[in-house]
Number of protein chains: 2
Amino acid sequence: MSEQATRVRRADAVRNRDALLETAKRLFADRGSEVTFEDVARAAGVGKGTLYRHFANRDQLIAAVLRDRFDTLTAEAERLATRHEPDVAVDTWLRSFDSYPTSDRSLAASISEGLTDARSAVSTACTPMKDAFTRLLATAQESGSVRHDVDAQQLLTVIAGLPDGHRDETGSSPFLDVVLRGIR
Amino acid sequence: MSEQATRVRRADAVRNRDALLETAKRLFADRGSEVTFEDVARAAGVGKGTLYRHFANRDQLIAAVLRDRFDTLTAEAERLATRHEPDVAVDTWLRSFDSYPTSDRSLAASISEGLTDARSAVSTACTPMKDAFTRLLATAQESGSVRHDVDAQQLLTVIAGLPDGHRDETGSSPFLDVVLRGIR
DNA sequence: ACCTGAACACCGTTCAAGT
DNA sequence: ACCTGAACACCGTTCAAGT
């Protein structure tokens, strides 16, 4: 019970953290990456010191906002690996990865940075997803359905960086097909 | 001679503008987009008020830094259009567009923004280039060598956004080949 | 243990005073 | 006509005081 003590949190702290995360998701979705750290705190009804208590900096707040989506994508990669042919699995997964929910649309730059720069908090959050996709891609390459000169991390960075405009209602880019054809 | 009067500039003003532009190119190349506006002014040996006198804001300084490259690329597009088959012209030009000189490498985000957002100063600077490539691409599409569902502006935005890492010594991305295959 | 908001640091931008 | 740097605005971050 002594090591359990570190996990005890006051009810108001839990409430505040949840409110901050929900508020951040909503504001990023509504107004993009221009939202101020202070905006988030005020909209959540707390002081900005509280925001910093729960999220050490902007990067960590963004990582927390994205974590749900990363976890879902990790699980999907593992599921696809066991149930589909390698080429179908890669295509299907990349379509999911490219389909931004509105709440994450404005955070694409942070995702690109997280995939590339290991020092960012987003990098820690997306590593399991990156590893799961790397395995998926390697299998497809071994089976001969994807070119061997394509690097998983680079491929994800390219797709994460596809422009926001011209996406359909599911949030998928018209350019994804170009990339999928190009890696064959 | 009355309308000529507006073009007269004091020698020190011309000297300062040139020094600021050269300094900005060098600093962007050395230290990326993290360079401060004040850094540029100090390194050029002038006050920051002088920098603002010559370039109304950060966006206009970046547009001026990029203008030479945009003009070169515009001229190349027009040259290629008259001397090569449409598909060769498109491939060759896109390889040039993707090959960042070191001085421009860190400005890719501004180029993407300029291609997309008509309000930026970079947009004004890159419009002739965008128009020249649009014509090049349309010709290739009419000749059947490029897919009809590829939009010129989007294509340029995608290529401008290709990640910085893994480029060869000429500054070209290993992913360009994926895109070139994908648009066929 | 947690919250709050004043205070600090940084940087883009403006402008009154100067040559 | 142009230059200069102090001053302002904004925003991310810290921290002393409070509950």
Side-chain angles (χ1 to χ4, degrees), chain A residues 1-24 27-28 31-65 106-107 109-110 113 119-122, chain B residues 1-24 27-28 31-65 106-107 109-110 113 119-122:
Chain A
M1 58 199 269
S2 64
E3 68 266 13
Q4 184 116 355
T6 61
R7 305 174 111 258
V8 172
R9 293 197 193 157
R10 251 165 50 178
D12 57 345
V14 173
R15 224 174 20 239
N16 282 339
R17 192 183 191 283
D18 291 348
L20 284 163
L21 201 48
E22 285 311 305
T23 303
L27 290 190
F28 285 141
R31 289 160 39 205
S33 52
E34 76 195 9
V35 296
T36 281
F37 228 55
E38 175 142 30
D39 289 341
V40 176
R42 184 173 34 228
V46 301
K48 45 170 141 174
T50 304
L51 178 44
Y52 276 92
R53 162 163 272 266
H54 291 291
F55 304 97
N57 50 41
R58 198 167 218 279
D59 205 34
Q60 296 221 8
L61 176 61
I62 289 172
V65 167
S106 67
L107 303 177
S110 295
E113 195 193 315
R119 291 166 304 182
S120 79
V122 175
Chain B
M1 57 198 271
S2 63
E3 68 264 14
Q4 184 116 354
T6 62
R7 304 174 114 259
V8 172
R9 293 197 192 157
R10 251 166 49 178
D12 57 346
V14 173
R15 225 176 17 242
N16 281 340
R17 193 183 191 284
D18 291 348
L20 284 163
L21 200 49
E22 285 311 306
T23 303
L27 290 190
F28 285 141
R31 290 161 38 206
S33 52
E34 75 194 11
V35 296
T36 279
F37 228 56
E38 175 142 27
D39 290 341
V40 175
R42 185 173 33 230
V46 301
K48 45 171 141 171
T50 304
L51 179 43
Y52 276 91
R53 162 163 274 267
H54 290 291
F55 305 96
N57 51 40
R58 199 167 217 279
D59 204 34
Q60 296 221 7
L61 175 61
I62 290 173
V65 167
S106 66
L107 304 178
S110 294
E113 195 193 316
R119 291 166 304 181
S120 78
V122 175

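Order of the sequence lines fixes the chain letters, A, B, ..., with proteins taken first and strands second; residue numbering starts at 1 for each chain. Any value given below was found using the heavy atoms of this structure, including those in side chains, with hydrogens, waters and symmetry copies removed.
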ask   = What distance do B/Asn16 atom CG and B/Arg9 atom CZ have between them, rounded to the nearest 0.5 Å?
value = 12.0 Å

query = Using a cut-off of less than 4.0 Å, is there contact between a side-chain N or O of B/His54 and OP1 or OP2 of D/dC2?
reply = no

message = How many whole angstroms separate atom CZ of A/Arg15 from atom C1' of C/dC3?
response = 12 Å

task = To the nearest 0.5 Å, tell me how far B/Arg58 CZ sits from B/Ser110 OG.
result = 7.5 Å

task = Starting at atom CD of B/Gln60, determine the distance to atom C1' of C/dG12, rounded to an integer number of angstrom.
result = 14 Å

task = Check each residue of residues 39-47 of chain B for a non-hydrogen atom within less than 4.0 Å of any atom in DNA chain C, then write out the ones that pass by number, or none.
result = none

key: Euclidean distance, A/Thr23 OG1 relative to A/Arg42 CZ, rounded to 0.5 Å   = 12.0 Å

key: Rounded distance [0.5 Å steps], CZ in B/Arg17 versus CG in B/Leu51   = 10.5 Å

inquiry  = Checking the side chain of A/Asp59 only, and the main-chain atoms of A/Ala121 only, is there a donor and an acceptor separated by less than 3.5 Å?
reply    = yes

task = Quickly work out the A/Phe55 CZ to D/dG12 P distance and round it to whole Å.
result = 15 Å

inquiry  = Going by the rule salt bridge (Lys or Arg N to Asp or Glu O under 4.0 Å), which residues pair with B/Arg15 if we only count those two or more places apart in sequence or in a different chain?
reply    = none

query = DNA chain C in dot-bracket, Watson-Crick or G-U pairs under 3.5 Å, [ ] crossing, | other strand?
reply = ||.|||||...|||||.||

ask   = Reading nucleotides 13-19 of chain C from the 5' end, what letters show protein touch, with B for base, S for backbone sugar-phosphate only, - for no heavy atom under 4.0 Å?
value = BBB----

message = Could you tell me how far apart A/Leu51 (CG) and C/dC3 (P) are, to the nearest whole angstrom?
response = 11 Å

task = Could you name each residue pair satisfying salt bridge (charged side-chain N to carboxylate O under 4.0 Å, His left out) that touches residues 43-56 of chain B, not counting sequence neighbours?
result = B/Glu38-B/Lys48

inquiry  = In this structure, how many angstroms lie between the C1' atom of D/dT4 and the CZ atom of B/Arg53, rounded?
reply    = 12 Å

note = Residue pairs passing the ring pair (Phe, Tyr, Trp, His ring centres under 6.0 Å) test with at least one member in residues 41-65 of chain A, sequence neighbours excluded, are A/Phe37-A/Tyr52

message = Quick check for you: to the nearest 0.5 Å, what is the distance between B/Ile62 atom CD1 and B/Ser106 atom OG?
response = 8.0 Å

Listed nucleotide nearest any side-chain atom of A/Thr36, set C/dT4, D/dC2, D/dG12 = D/dG12

inquiry  = Side chains of A/Arg10 and A/Val14, heavy atoms from C-beta outward: is any pair under 4.5 Å?
reply    = no

Spacing of B/Arg17 atom CZ relative to D/dA1 atom P, expressed in whole Å = 18 Å

